[in-house]
Amino acid sequence: MASFHWLWENEVAPLDPMDADVLSAYFPGRGLVVLRTGWDVSDVMFSIEAGPYYDVIHNQADKGHFTFYGLGGRWAIDSGYGNMGPSAPTGRDQTIAQNSVLVMDRGQALSGAGTGTNGKILSYEETAVLSYILVDVTEAYTTNSKGTRHLPMGKAIRHAVYVKPGGGVVPYVIIADDIELSMTMPVNYQWLLHTEVGYEVAVDERGATIHSPGTEAFARLEVLNPAEPEVTIDEYQAHLGSYQGSARGRDGWHPLFRVSTTAQNPYFLCALLLSPEAAIVPQVERSIREDGTIEVVIQWPARTDYISWKPGSDTMIGVVVCEK
């Protein structure tokens, strides 16, 4: 009855979001997790989705897609509305327009225009240091709701970690992908990141730097695995607030980062780090133990974070925070 109460009861007083103290939410039916530090433009917000397809709603090939805003910037964005379906394999309803992974230049099964894919959130956990989300998007690569077979995917698991603020550190995100075909052969994989129209971007051998014009804030995409990725900048046409090219909206080309490698399983491990100014740049060191565990040390001015992940394991990414 509570839902009908706020829908129909005219005497319910509006409540400021900050007073409601709703900074994290998991919507199991939707397959959506949203985490934030507050409700102002400078606050940080991270979301990730991987839910089932309901044939009464619009759907995209976006299972495991995430967004990340903060410090007034839109660092990992959604490319916008698209509903052309299988007739537009590079359209905004397909995986190429999402922060996801391409396999041999192909994404999840074609979606949109009455066709969708399924994903699921396997785990959502909260600790004092982090929020952890584990998603399974294997089926989304394999087939769509029309039964159209797509890729022979053995598994497509995504780990997402939202590291909470503290010690002068703005929240940041770690994304790890355990993805491979059912056949044992190396193929090309591309990890995708879309960022806002007009942002200043630059790539290097370990990732990329993103700067929001008019502010001191910037984001750092740090590729922690594979060891020798190919990082490039492409462009993709955003579609914001319009419907299939209608003049009511505004279109624009935005930067698209591609982290490419050829492997049986790329075991992508990437961090998206935020800083209010260029002077606060973390130092990142990476190593691999004999058992294959990837260890990362992120040294901030007043804090050191230790991250560990063993590719292929079912255990969550380890994060230890040590303030100086």
Side-chain angles (χ1 to χ4, degrees), residues 48 50 64 66 100-104 120-138 141 152-164 166-167 169 171-193 204-207 220-231 259-273 282-300 303-324:
I48 185 168
F66 68 93
S100 189
V101 177
L102 299 182
V103 185
M104 301 183 295
K120 52 188 173 183
I121 295 179
L122 300 178
S123 179
Y124 168 61
E125 300 182 30
E126 288 276 353
T127 73
V129 173
L130 57 83
S131 301
Y132 170 76
I133 308 100
L134 179 65
V135 305
D136 185 347
V137 298
T138 308
Y141 283 91
M153 188 61 62
K155 61 178 174 179
I157 304 296
R158 168 162 279 188
H159 305 252
V161 179
Y162 169 87
V163 182
K164 298 178 180 180
V169 177
Y172 64 91
V173 174
I174 304 166
I175 304 292
D177 288 288
D178 182 1
I179 180 171
E180 63 183 14
L181 297 171
S182 56
M183 59 187 77
T184 56
M185 59 179 291
V187 299
N188 180 260
Y189 292 87
Q190 295 181 23
W191 191 92
L192 307 179
L193 178 71
D204 54 65
E205 61 181 8
R206 292 308 318 162
R220 170 69 187 171
L221 169 62
E222 195 77 29
V223 181
L224 306 171
N225 200 65
E228 298 181 357
E230 178 186 0
V231 185
V259 179
S260 304
T261 192
T262 298
Q264 180 177 331
N265 188 322
Y267 292 121
F268 288 118
L269 179 63
C270 299
L272 198 53
L273 311 170
Q283 300 297 312
V284 181
E285 299 178 2
R286 169 192 176 276
S287 61
I288 301 181
R289 294 197 327 220
E290 291 185 359
D291 66 354
T293 299
I294 302 170
E295 295 188 330
V296 179
V297 179
I298 303 179
Q299 295 184 335
W300 303 90
R303 199 176 90 179
T304 301
D305 296 356
Y306 299 89
I307 299 164
S308 62
W309 181 52
K310 186 173 183 179
S313 70
D314 295 330
T315 57
M316 64 186 291
I317 297 174
V319 178
V320 176
V321 171
C322 297
E323 295 189 21
K324 297 179 181 179

Looking at D291, I want to see if its CG is surrounded by more than 12 non-hydrogen atoms of other residues, nucleotides or ligands under 6.0 Å. yes

Verdict with supporting geometry, L273 and V284, side-chain contact (heavy atoms from CB on, under 4.5 Å): CA-CA 11 Å; L273 311 170; V284 181; 4.2 Å; yes

Rounded distance [0.5 Å steps], [atom1] in [X] versus [atom2] in [Y]:
X    : Y    : atom1 : atom2 : answer
Y172 : K164 : OH    : NZ    : 13.5 Å
I298 : W300 : CD1   : CH2   : 6.5 Å
L134 : R158 : CG    : CZ    : 11.5 Å
L269 : S308 : CG    : OG    : 10.0 Å
T127 : M316 : OG1   : CE    : 6.5 Å
L224 : I174 : CG    : CD1   : 7.5 Å

Of all heavy-atom pairs between [X] and [Y], which one has the smallest distance, and what is that distance?
X    : Y    : value
V223 : G207 : CG2-CA, 4.0 Å
P226 : P229 : O-CD, 3.3 Å
A50  : G64  : CB-N, 3.9 Å

Who are the side chain to side chain contact (heavy atoms under 4.5 Å, CB included) partners of [X], not counting sequence neighbours?
X    : value
V103 : Y141, L151, M153, I179, L181, V187, Y189
T262 : P186, N188
A160 : F46, I48, I133, I175

Counting distance only, does the side-chain N/O of S182 pair as donor-acceptor with the main-chain N or O of P152 below 3.5 Å? yes

Between the main-chain N or O of G166 and the side-chain N or O of R303, is there a donor-acceptor pair closer than 3.5 Å? yes

Taking only residues two or more places apart in sequence or in another chain, which ones pass side-chain hydrogen bond (donor to acceptor under 3.5 Å, both in side chains) with [X]?
X    : result
K120 : none
S287 : none
Y267 : none

List for me each residue that meets ring-ring contact (aromatic ring centres under 6.0 Å, His included) alongside Y162, sequence neighbours excluded, and say none if there are none. none

Y124: which residues meet the ring-ring contact (aromatic ring centres under 6.0 Å, His included) condition with it, sequence neighbours left out? Y26

Audit row: L272, L193, side-chain contact (heavy atoms from CB on, under 4.5 Å) steps and yes/no: CA-CA 10 Å; L272 198 53; L193 178 71; 4.2 Å; yes

Side-chain touch [X]/[Y], heavy atoms, less than 4.5 angstrom:
X    : Y    : result
F66  : V135 : no
T261 : F268 : yes
V297 : E295 : no
P311 : N265 : no
P266 : W191 : no

When you check the side-chain N and O atoms of S131 and E126, is any donor under 3.5 Å from an acceptor? yes

Sequence neighbours left out, what passes salt bridge (charged side-chain N to carboxylate O under 4.0 Å, His left out) with [X]? Give chain and number order.
X    : value
D178 : K155
R206 : none
R286 : none
K310 : none

